[in-house]
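None of these values were measured; they are calculated from a predicted model.
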Amino acid sequence: MAHLFLVKDIAFQAGLSIATVDRVLNGRPGVRRQTEMRVKAAIAELEKQQAGAMGSGRMLAIDIVMETPQRFSDAVRAAFEAEMATFLPGVFRCRFHFAEVMKPAELVQLLDRIRLRGTHGIVLKAPDVAEVAAAVARADAAGIPVVTLVTDLPNSARIAYAGADNRAAGETAAYLVGEFLGAGGGKVLVTLSSGRFRGEEEREIGFRRVIRARYPEIGITEISEGHGTDAATGTLAAAALAADPTINAVYSIGGGNRAVLAAFDAAKRPVRVFVAHDLDADNRALLAARRIGFVLHHDLRTDARSAFRAIMSRATALPRAVTPSLSSVEIITPYNMPAAD
């Protein structure tokens, strides 16, 4: 079956595994006719998207806007740049706008500047507040599609969300912590970068629900508004430890993990289990050193691909909008850590 696309892109479009698509493309036995037709339809859809984007000779310039710690923005930049090189090469060009902390007014001002300057799309990680939703509505009214990344703005005019199921991720963290602590129980320090992010709130809701239902002997202490930075998060963690001698576990939703561990070290307190999010450079090093036990990871390149597809769908006026699938959440340990890109 002739095609010009990567197997992973065909699999993504068809909603099949890479192994299944490989069997179809290479004519191996044991493939159902319906599966073969799904692969053919996926290739036809990719060809239509490519023709729409490249036939006019246009390059789609998009803006990636994020309020996030640098360790995560570095990982996102690497993912988008890697996908730009493989996803219909030459079609997308990304402009990155990252800041560790932005006031809502500053973020809104940036979004409005991008809208007035012009762009083919915006990929946005931002707090779920009314001012930001209003800026998204203005962009949409101007014909600029907005895709939310890793944290959603469900009540806004965004066209799609690219990321993981955050509530399921929080539930997974609760299962790991609960099973590890066992009947002895304890108290978990839950760290958020800020309560303004919908994705973090969803993780916390999922975590609390499972702990309450299945592990009632485990308590929870929450810290927030450290914005994932080491200095602020470390100060908050130290204060929480000083106030409560029973804290013996961590679920890090918002990052700043080196600082949290340093606070435990300074207090001469053990951490029985530490669950973190995102396989960034810091967490890779901490996992390899056995300072944290588990990382809940989802593939940012899959998120980038989802964002590209959604924006291309709008930019090329395809008759059927592309609805990204949620990224799968993987439990990473020191023994199954994938190689860095």
Side-chain angles (χ1 to χ4, degrees), residues 164-193 195 197 199-224 226 228 230 233-280 282-299 326-338:
D165 183 334
N166 284 304
R167 191 166 296 205
E171 292 169 345
T172 302
Y175 173 78
L176 292 171
V177 169
E179 292 297 306
F180 198 96
L181 291 182
K187 184 166 283 187
V188 187
L189 180 66
V190 176
T191 73
L192 289 82
S193 70
F197 288 101
E200 294 195 7
E201 180 184 58
E202 290 289 326
R203 291 173 183 177
E204 183 196 17
I205 289 171
F207 184 82
R208 285 183 180 274
R209 188 193 71 78
V210 172
I211 290 293
R212 184 171 57 248
R214 296 183 59 89
Y215 309 102
E217 67 279 3
I218 297 174
I220 295 173
T221 293
E222 176 191 315
I223 59 173
S224 185
D230 284 344
T233 303
T235 299
L236 291 169
L241 291 172
D244 190 340
T246 66
I247 294 173
N248 62 350
V250 178
Y251 174 36
S252 172
I253 296 174
N257 298 331
R258 289 188 182 277
V260 173
L261 288 166
F264 274 88
D265 291 343
K268 295 182 171 53
R269 299 266 291 278
V271 184
R272 289 200 58 200
V273 59
F274 194 125
V275 180
H277 276 274
D278 305 316
L279 204 55
D280 55 34
D282 270 12
N283 283 342
R284 281 182 172 277
L286 293 172
L287 195 61
R290 310 298 197 269
R291 297 302 313 276
I292 59 179
F294 305 98
V295 171
L296 300 180
H297 172 64
H298 72 279
D299 184 14
L326 294 175
S327 304
S328 60
V329 175
E330 301 175 74
I331 300 172
I332 305 298
T333 74
Y335 298 99
N336 69 336
M337 187 162 39

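No side-chain heavy atom of Val260 sits under 4.5 Å from any side-chain heavy atom of Ser252. Proximity of Phe264 to Val250: side-chain heavy atoms (C-beta onward) are separated by under 4.5 Å at one or more points. Side-chain contact between Tyr251 and Leu189 is absent, with no heavy-atom pair separated by less than 4.5 Å. By the 4.5 Å heavy-atom criterion applied to side chains, Val273 and Leu176 are not counted as neighbours. Asn248 is not listed as a side-chain neighbour of Arg269, based on a closest heavy-atom distance of 4.5 Å or more.
With sequence neighbours excluded, the residues satisfying side-chain contact (heavy atoms from CB on, under 4.5 Å) with Val329 are Ala164, Ala169, Leu296. Tyr215 meets the side-chain contact (heavy atoms from CB on, under 4.5 Å) test with Tyr175, Glu179, Val210, Ile211, Glu217, Ile218; sequence neighbours excluded. Residues satisfying the salt bridge (charged side-chain N to carboxylate O under 4.0 Å, His left out) test with Glu204, not counting sequence neighbours, are Arg208.
One N or O on the side chain of Asp280 and one on the backbone of Asp282 form a donor-acceptor pair closer than 3.5 Å. Between the side chain of Arg290 and the backbone N or O of Ala288, at least one donor-acceptor pair lies under 3.5 Å. In terms of modelled atom types and a separation under 3.5 Å, the side chain of Glu200 and the main chain of Ser193 share a donor-acceptor contact.
Val275 approaches Ala173 most closely through the heavy-atom pair CG1-CB, 4.0 Å. Of all the heavy atoms in Leu181 and Arg272, the pair that sits closest is O-NH1, 3.6 Å. For Phe207 against Val190, the heavy-atom pair with the smallest separation is CE2-CG2, 3.8 Å. Between Ile332 and Pro338 the shortest heavy-atom distance is CD1-CD, 4.0 Å. Summarising the geometry of Ala237 relative to Ala263, their closest heavy-atom pair is CB-CB, 3.9 Å, with the distance given to 0.1 Å. Across all their heavy atoms, Ile223 and Ala240 have their closest contact at CG2-CB, 4.0 Å.
How far CD1 of Ile253 is from CD of Glu201: 10.5 Å, rounded to the nearest 0.5 Å. From Asp165, atom CG reaches atom OG of Ser328 across 11.0 Å, with rounding to the nearest 0.5 Å. Rounded to the nearest 0.5 Å, atoms CZ (Arg214) and CZ (Arg209) are 9.5 Å apart. Between the NE2 atom of His297 and the CG atom of Asn336 there is a distance of 10.0 Å, given to the nearest 0.5 Å. Rounding to the nearest 0.5 Å places OG1 of Thr333 at 11.0 Å from CD1 of Ile292.
In this model, a donor atom of one side chain and an acceptor atom of the other lie less than 3.5 Å apart for Asn257 and Asn283.
Of the candidates Arg203, Glu202, His277, His298, Arg203 is the only one forming a side chain to side chain donor-acceptor pair (under 3.5 Å) with Asn166.
Taking the charged nitrogens against the carboxylate oxygens, Asp265 and Arg291 do have a contact shorter than 4.0 Å, which makes a salt bridge.
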